[in-house]
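Structure, as C-alpha cells:
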Protein chains: 2
Amino acid sequence: MSKQPKRSPQQPAAERPSPGAPAGLNQIPLLQILSAQDRQKVLGEMTETRYGKGDYIFREGDPTEYFHIVKEGSVKCVKSSLDGKECTLKVLMPGDLFCCDASAFDGASHPGTAQPMGDVSVLRMKKEAYFKMLRANPDAAMEVIRYLGNRLNEAQEKAKVLALDRADQRLASLLVSLAERSGIKDPNGIRVTVRLTRQDMANMVGVTTETAIRIMARFKKDRLVTGTAARLVIRDLPKLKLLAST
Amino acid sequence: MSKQPKRSPQQPAAERPSPGAPAGLNQIPLLQILSAQDRQKVLGEMTETRYGKGDYIFREGDPTEYFHIVKEGSVKCVKSSLDGKECTLKVLMPGDLFCCDASAFDGASHPGTAQPMGDVSVLRMKKEAYFKMLRANPDAAMEVIRYLGNRLNEAQEKAKVLALDRADQRLASLLVSLAERSGIKDPNGIRVTVRLTRQDMANMVGVTTETAIRIMARFKKDRLVTGTAARLVIRDLPKLKLLAST
DNA sequence: TTCAAAACATGACAATAGTCATGTTTTGTT
DNA sequence: AACAAAACATGACTATTGTCATGTTTTGAA
C-alpha cells in the first residue's frame with residue numbers, strides 16, 4: 001500500500017540470443033520435459049534478456065507478445081490501483097513461467113507489471129511459437145496445465161489468507177512460505193535468500209509499510225525472526241506456522 | 001467470516017449416466033471444441049449428477065478422483081480457516097470446469113469445498129480419462145490452458161481487490177461483476193439471477209455479515225441497488241463501477 | 001396458514017490497521 | 001570516508017471493520 005514510484009520505463013541492460021545449451025537451464029521443468037531435439041528447437045526460438053534494478057520486463061496494460069521463463073534471479077508481479085497503492089501478487093523464481101496464460105491469447109494486454117528484483121535473466125519467445133510448441137508437444141501442454149493449476153491454487157490460497165486473516169497472521173504466512181521456498185540453513189535458523197524490504201513484505205500481504213514494520217518489530221522482540229532485508233533470518237518456524245494458522 | 005455450519009455430508013439426490021446428446025451441452029466450450037466423434041466418446045465417459053441444497057460435491061481434503069464441469073445451476077468454491085470462518089473463492093456457472101487443475105495430478109486432495117447453490121447438475125469423469133483426452137486432443141488442451149489462465153488472472157485480480165480496497169469498494173466490485181456475469185434486464189435496472197444472501201456476499205468479499213448488511217443498506221439508501229437475496233437488482237451500475245475503482 | 005428458521009437490521013463498543021509526522025539507522029554510492 | 005537516499009522506527013491520532021447483543025422481517029416447509 002505504498003505510493004507507486006513514478007520511474008520512467010527503462011530499457012533492459014543487455015540482450016542476446018541464448019547459446020546452445022548453457023548451464024542453469026536444467027532448473028526449468030518445462031524445458032526438461034521436451035526431447036533433446038525439441039529443446040534445442042525451442043531454445044533456438046528463445047532470447048535471453050538481462051534486467052537490473054529499476055527496469056521493467058513489461059508493464060500493466062502493455063500488449064502481450066511474448067511468453068517468458070525466469071532463468072536466474074527473481075521477478076515480482078505487481079498490480080496497482082488508480083490511487084497509487086500497489087500489491088505484489090507473486091514472486092517468480094527460476095523455472096517459473098509467466099505470460100503462459102490467457103493474457104497471451106486474443107491479443108490481450110498484460111494484467112500486471114513484471115519487475116526484476118535485483119539482477120535477473122529471463123528467457124522469452126514469441127507467443128505464437130509458444131502455442132505452436134504446446135500443440136506439438138502434449139507433454140509440454142500437460143506440464144503447463146499442471147503449472148497453471150498450481151498457480152491457481154496458490155492464488156486462491158492467497159485470496160483466502162487476505163480475506164480471513166489478520167495482518168500479523170498474513171505476515172507470518174509470508175515468512176513461512178519464504179522460508180520454505182527460498183530459505184537456506186543458517187547458524188541461527190533459516191536465512192531467506194530473496195532480499196525483501198519491509199515495504200516489499202507490506203505489498204505482498206496487503207498492509208501499509210508502517211504496519212509491516214511494527215509487526216516485524218514484534219516478531220523480532222518475540223525472537224521469531226532477526227535482521228532486515230539483506231539478512232532476514234527465520235528463527236522460529238514452528239511458532240510462525242502456529243501464528244499463521246491460529 | 002461467518003461460522004462454518006456443521007452439517008453432515010449428504011449424498012447427492014440423483015445419479016445417472018448422461019444420455020447421448022442432451023440439450024444444454026452447447027454451453028460448454030471444452031466440449032464444443034471436440035469433434036462430434038470425440039465429444040460422443042467423452043460424453044460416454046462422463047456421468048451427470050444432480051445436487052441440491054445442503055449437499056457437498058466434494059469437501060476440502062477429499063482425494064481428487066474426478067474432473068468436473070458445471071452443466072446447470074451454480075456451484076460455489078469455498079475454503080475455511082481453522083476457527084470456522086469461511087470464504088467463497090469463486091462461483092462457478094454452467095460451462096465452468098473444476099478440478100481441471102493441479103490438484104488432479106499426483107493423487108492430491110481438494111484444496112477447497114464445492115457446494116451447489118440451489119439445484120445444480122454436474123458432469124464428471126475420472127481424472128485419468130480426462131488427462132488421456134487432453135493428451136489426445138491438442139485443441140482441448142489449449143482450451144484448458146486458456147481457461148486456467150483466465151481463472152488465474154481472475155484469482156489474482158481478486159487478491160488485489162482484497163489487498164487494496166475497502167469493504168464498500170469490494171462489495172461494489174462484486175455487484176458489478178454479478179451484474180455482468182449473471183445479470184438480466186429488469187424494469188428497474190439489472191436483476192442478478194444468482195441468489196445470494198448478505199452472508200454469501202460477505203463471504204465473497206472477506207467481511208463479516210454485519211458489515212455486508214450495513215454497506216448494502218447504504219447502497220440501497222443511495223439508490224444503487226434494491227432488494228435482497230431472491231430479487232437483487234442493480235439500479236446504478238455506473239456509480240457502482242466508479243465506487244469500485246476510486 | 002402457521003410456525004420456526006434464516007435472513008436482515010441496528011446500536012454500542014472494541015480491536016485492528018491506516019495516516020501523518022518526525023526522527024534514526026542502514027545502505028550504497030562517489 | 002562522506003553523504004544522500006532508502007529503509008527502519010515510533011508516537012499520536014483517526015478510520016475502518018469486527019464483535020456482541022438484541023430485535024424485526026422474510027422465507028420456506030409442514
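Here is the naming used below: chain letters follow the sequence lines, and residue numbers restart at 1 for every chain.
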Is the distance from OP1 or OP2 of C:dG18 to the nearest side-chain N or O of A:Thr211 less than 4.0 Å? yes
Can a side chain N or O of A:Lys220 be found less than 4.0 Å away from OP1 or OP2 on D:dA9? yes
For residues B:Lys185 and B:Ile190, determine if any side-chain heavy atom of one lies less than 4.5 Å from a side-chain heavy atom of the other. no
In this structure, how many angstroms lie between the P atom of D:dT19 and the CG atom of B:Asp83, rounded? 9 Å
Rounded to whole Å, the CG-P distance (A:Asp200 to C:dT27) equals 15 Å
Listed by chain and number, what are the side chain to side chain contact (heavy atoms under 4.5 Å, CB included) partners of A:Ile184, not counting sequence neighbours? A:Arg191, A:Thr193
Mind calculating the distance between CG (A:Asn203) and P (C:dG18) to the nearest angstrom? 12 Å
Mind checking side-chain hydrogen bond (donor to acceptor under 3.5 Å, both in side chains) for A:Ser121 and listing every partner two or more places apart, or none if nothing turns up? A:Glu48
Would you mind reading off the distance between A:Leu162 atom CG and C:dA17 atom P, rounded to a whole angstrom? 12 Å
Counting N and O atoms only, with roles assigned by atom type, does the side chain of B:Asn153 sit under 3.5 Å from a partner on the main chain of B:Asn150, one being a donor and the other an acceptor? no
Please name all residues satisfying side-chain hydrogen bond (donor to acceptor under 3.5 Å, both in side chains) with B:Glu157, sequence neighbours left out, ordered by chain then number. A:Lys79
Check salt bridge (charged side-chain N to carboxylate O under 4.0 Å, His left out) between B:Glu210 and all other residues, then give those that pass, not counting sequence neighbours. none
Quick one: list whatever passes side-chain hydrogen bond (donor to acceptor under 3.5 Å, both in side chains) with A:Ser177, sequence neighbours left out. none
Selected nucleotide, minimal atom distance to A:Gln199 side chain, candidates C:dG18, D:dA7, D:dA9: D:dA7
Short heteroatom pairs, N/O only, protein and nucleotides 10-13 of chain C, under 3.5 Å:
from: C:dG11; atom 1: N7; to: B:Arg214; atom 2: NH1; distance (Å): 3.1
from: C:dG11; atom 1: O6; to: B:Arg214; atom 2: NH2; distance (Å): 3.2

Side-chain contact check for B:Arg198: nearest option of D:dT16, D:dA7, C:dC8 is C:dC8
Quick test: give all pairs of protein nitrogen or oxygen and nucleotides 23-28 of chain D nitrogen or oxygen below 3.5 Å, distance rounded to 0.1 Å.
from: D:dG28; atom 1: OP1; to: B:Arg195; atom 2: NH1; distance (Å): 3.3

Please list, chain by chain and in numerical order, all residues satisfying side-chain hydrogen bond (donor to acceptor under 3.5 Å, both in side chains) with A:Thr211, sequence neighbours excluded. A:Thr208
Angle of first-five versus last-five pair axes in the helix from C:dT1-D:dA30 to C:dT30-D:dA1, to 10 degrees: 60°
Could you give the side-chain donor-acceptor pairs of residues 214-242 of chain B under 3.5 Å, partners two or more places apart or in another chain?
from: B:Arg218; atom 1: NH2; to: B:Asp168; atom 2: OD2; distance (Å): 3.2
from: B:Asp236; atom 1: OD1; to: B:Lys239; atom 2: N; distance (Å): 3.2
from: B:Lys241; atom 1: NZ; to: B:Glu180; atom 2: OE2; distance (Å): 3.4

Can you check the A:Arg166 CZ to C:dA17 P distance for me, whole Å? 7 Å
Partner residues of B:Glu60 under the salt bridge (charged side-chain N to carboxylate O under 4.0 Å, His left out) criterion, sequence neighbours left out: none
Nucleotide D:dT17, atom P - distance to CZ of B:Arg218 in whole Å: 8 Å
How long is the line joining CE of A:Met201 and P of D:dA9, in whole Å? 10 Å
Atom-to-atom span, CE of A:Met216 to P of D:dA7 - whole angstrom: 15 Å
Heavy-atom nearest pair, A:His68 first then A:Tyr66, reads CD2-O, 3.4 Å
For residues 88-100 of chain B, run the donor-acceptor check on the side chains, cut-off 3.5 Å, and write out each pair with its distance to 0.1 Å, sequence neighbours left out.
from: B:Lys90; atom 1: NZ; to: B:Glu154; atom 2: OE1; distance (Å): 2.7
from: B:Lys90; atom 1: NZ; to: B:Glu154; atom 2: OE2; distance (Å): 3.3
from: B:Asp96; atom 1: OD1; to: B:Tyr147; atom 2: OH; distance (Å): 2.7
from: B:Asp96; atom 1: OD2; to: B:Met93; atom 2: N; distance (Å): 2.7

